[in-house]
2 protein chains.
Amino acid sequence: MFKALADATRRAILDELQDRDGQSLFELCTRLTMRHGLGSTRQAVSQHLEVLEEAGLVTVRREGRYKFHHLDTRPLRQIAVRWPVPDEGESS
Amino acid sequence: MFKALADATRRAILDELQDRDGQSLFELCTRLTMRHGLGSTRQAVSQHLEVLEEAGLVTVRREGRYKFHHLDTRPLRQIAVRWPVPDEGESS
DNA sequence: TTGACATGCAAGTGAGCACTTGCCTATACA
DNA sequence: TGTATAGGCAAGTGCTCACTTGCATGTCAA
């Protein structure tokens, strides 16, 4: 999971899925290019999605010839559990 | 910072510093070998500490010929901010 | 069935990264 | 001053990883 977060393109994919959940592969490719300025090919994005899926950060729902991707941030919780961050006086 | 977390040895260093803060380089080498079964040389650990330092996860305090390392988990907060994790019904 | 669209599979390539190796600097102690 | 200890610097090596390339599979509409 930590290795999955190590790549900037994969983090952009997570951002994109957070902004609009359930995107297909082509949809992600388009929006990554448009909004993040990333010139990633379809295959590259597909491989990134595989990594994110293995990390449990993205789940997949197949529907006909489409494959929709959903964000699952729950694996990130173990980071906060493993290395707790002290409060920094923000009580608002 | 994400790349710094991507390596298992570096994560073990963070664990070790959390268990006992302010360790020197040799101290970390010894304890990594003893407690984590990692056969890392001094140079390897030193390079890992450089990466962790650049990521802001480890701060350094020099004292004579020793160099003590301290854990700083605050950079990890941006992960929780960027991809919030929904509560999972634990109200305790 | 045929053609267009969405995705999958797999080998190959280049760059980055973890690690080693060898030597050097600096501090403490006799 | 000499020696041992703690750490630093830098070139080299092997492996991993991101990405490409080319073709194959599967789904939908006409």
Side-chain angles (χ1 to χ4, degrees), chain A residues 1-17 20-71 75, chain B residues 1-17 20-71 75:
Chain A
M1 186 205 83
F2 294 98
K3 288 185 191 288
L5 290 175
D7 187 83
T9 300
R10 283 196 289 267
R11 294 196 295 273
I13 291 176
L14 296 182
D15 289 337
E16 193 49 53
L17 284 179
R20 177 183 168 89
D21 202 40
Q23 296 189 52
S24 74
L25 177 56
F26 268 157
E27 211 172 343
L28 273 170
C29 286
T30 306
R31 291 172 65 104
L32 282 173
T33 304
M34 298 291 108
R35 300 157 45 98
H36 298 261
L38 296 175
S40 300
T41 63
R42 177 183 61 84
Q43 290 83 350
V45 176
S46 177
Q47 288 169 3
H48 283 309
L49 285 169
E50 283 181 36
V51 177
L52 290 171
E53 206 179 327
E54 286 178 12
L57 291 166
V58 164
T59 58
V60 165
R61 171 175 53 94
R62 301 223 50 146
E63 198 161 315
R65 57 175 161 176
Y66 298 98
K67 187 181 181 184
F68 299 109
H69 302 84
H70 297 265
L71 178 63
Chain B
M1 186 205 82
F2 293 99
K3 288 184 190 289
L5 289 176
D7 186 83
T9 300
R10 283 196 288 268
R11 293 196 296 272
I13 290 176
L14 296 182
D15 289 337
E16 193 50 54
L17 284 179
R20 176 183 168 89
D21 202 38
Q23 296 189 52
S24 74
L25 178 55
F26 268 157
E27 210 173 341
L28 272 169
C29 285
T30 306
R31 289 172 65 102
L32 282 173
T33 305
M34 298 291 108
R35 300 157 44 97
H36 297 262
L38 296 174
S40 300
T41 63
R42 177 182 61 85
Q43 290 84 349
V45 175
S46 177
Q47 288 171 4
H48 282 309
L49 285 169
E50 280 182 37
V51 177
L52 291 170
E53 207 179 327
E54 284 177 14
L57 292 167
V58 164
T59 58
V60 165
R61 170 175 55 94
R62 302 221 49 145
E63 199 161 316
R65 60 175 160 176
Y66 298 97
K67 187 180 181 184
F68 298 108
H69 302 85
H70 296 267
L71 178 64

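Just so it is clear: chains get the letters A, B, ... in the order the sequence lines come, proteins before strands, and each one is counted from 1.
Computed from coordinates, the F2(A) CZ to dC17(D) C1' distance equals 19 Å when rounded to whole Å. Between E53(B) atom CD and dG7(D) atom P the separation is 13 Å, expressed in whole Å.
Partners of T30(B) by side chain to side chain contact (heavy atoms under 4.5 Å, CB included), not counting sequence neighbours, listed by chain and number: M34(B). Checked against salt bridge (charged side-chain N to carboxylate O under 4.0 Å, His left out), D15(B) has the following partners two or more places apart in sequence or in another chain: R82(A).
Between K67(B) and the phosphate of dG8(D), there is a side-chain N or O to OP1/OP2 separation shorter than 4.0 Å. Between R65(B) and dG8(D) there is no side-chain polar atom (N or O) within less than 4.0 angstrom of OP1 or OP2.
Sorted by first then second residue, the side chain to side chain donor-acceptor pair (under 3.5 Å) pairs that include residues 44-54 of chain B, not counting sequence neighbours, are R10(B)-H48(B). Among pairs with a residue in residues 32-42 of chain A, those fulfilling salt bridge (charged side-chain N to carboxylate O under 4.0 Å, His left out) read E16(A)-R35(A), D19(A)-R35(A), at least two apart in sequence or across chains.
Listed in residue order, the members of residues 23-35 of chain A having a heavy atom less than 4.0 Å from DNA chain D come to none. Only T41(B), Q43(B), A44(B), Q47(B), H48(B), listed by number, bring a heavy atom of residues 40-50 of chain B to less than 4.0 angstrom from any atom of DNA chain C. Within residues 54-63 of chain B, no residue approaches DNA chain C, by heavy-atom distance under 4.0 Å.
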Name the atoms and distances for all side-chain donor-acceptor pairs under 3.5 Å in residues 61-68 of chain B, with sequence neighbours left out.
from, atom 1, to, atom 2, distance (Å)
R61(B), NE, H70(B), NE2, 3.1
R61(B), NH1, E63(B), OE1, 2.7
R61(B), NH2, H70(B), NE2, 3.2

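Interface limits on DNA chain C: the 5'-most and 3'-most nucleotides within less than 4.0 Å of chain A heavy atoms are dC5(C) to dA10(C).
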V58(A)/L14(A) under side chain to side chain contact (heavy atoms under 4.5 Å, CB included): CA gap, chis, key distance, verdict: CA-CA 8 Å; V58(A) 164; L14(A) 296 182; 4.1 Å; yes

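When the local axes at the two ends of the helix from dT1(C)-dA30(D) to dA30(C)-dT1(D) are compared, using 5 base pairs at each end, they differ in direction by 30° after rounding to 10°.
Nearest approach of A4(A) to A55(A), heavy atoms of both residues: CB-CB, 3.6 Å.
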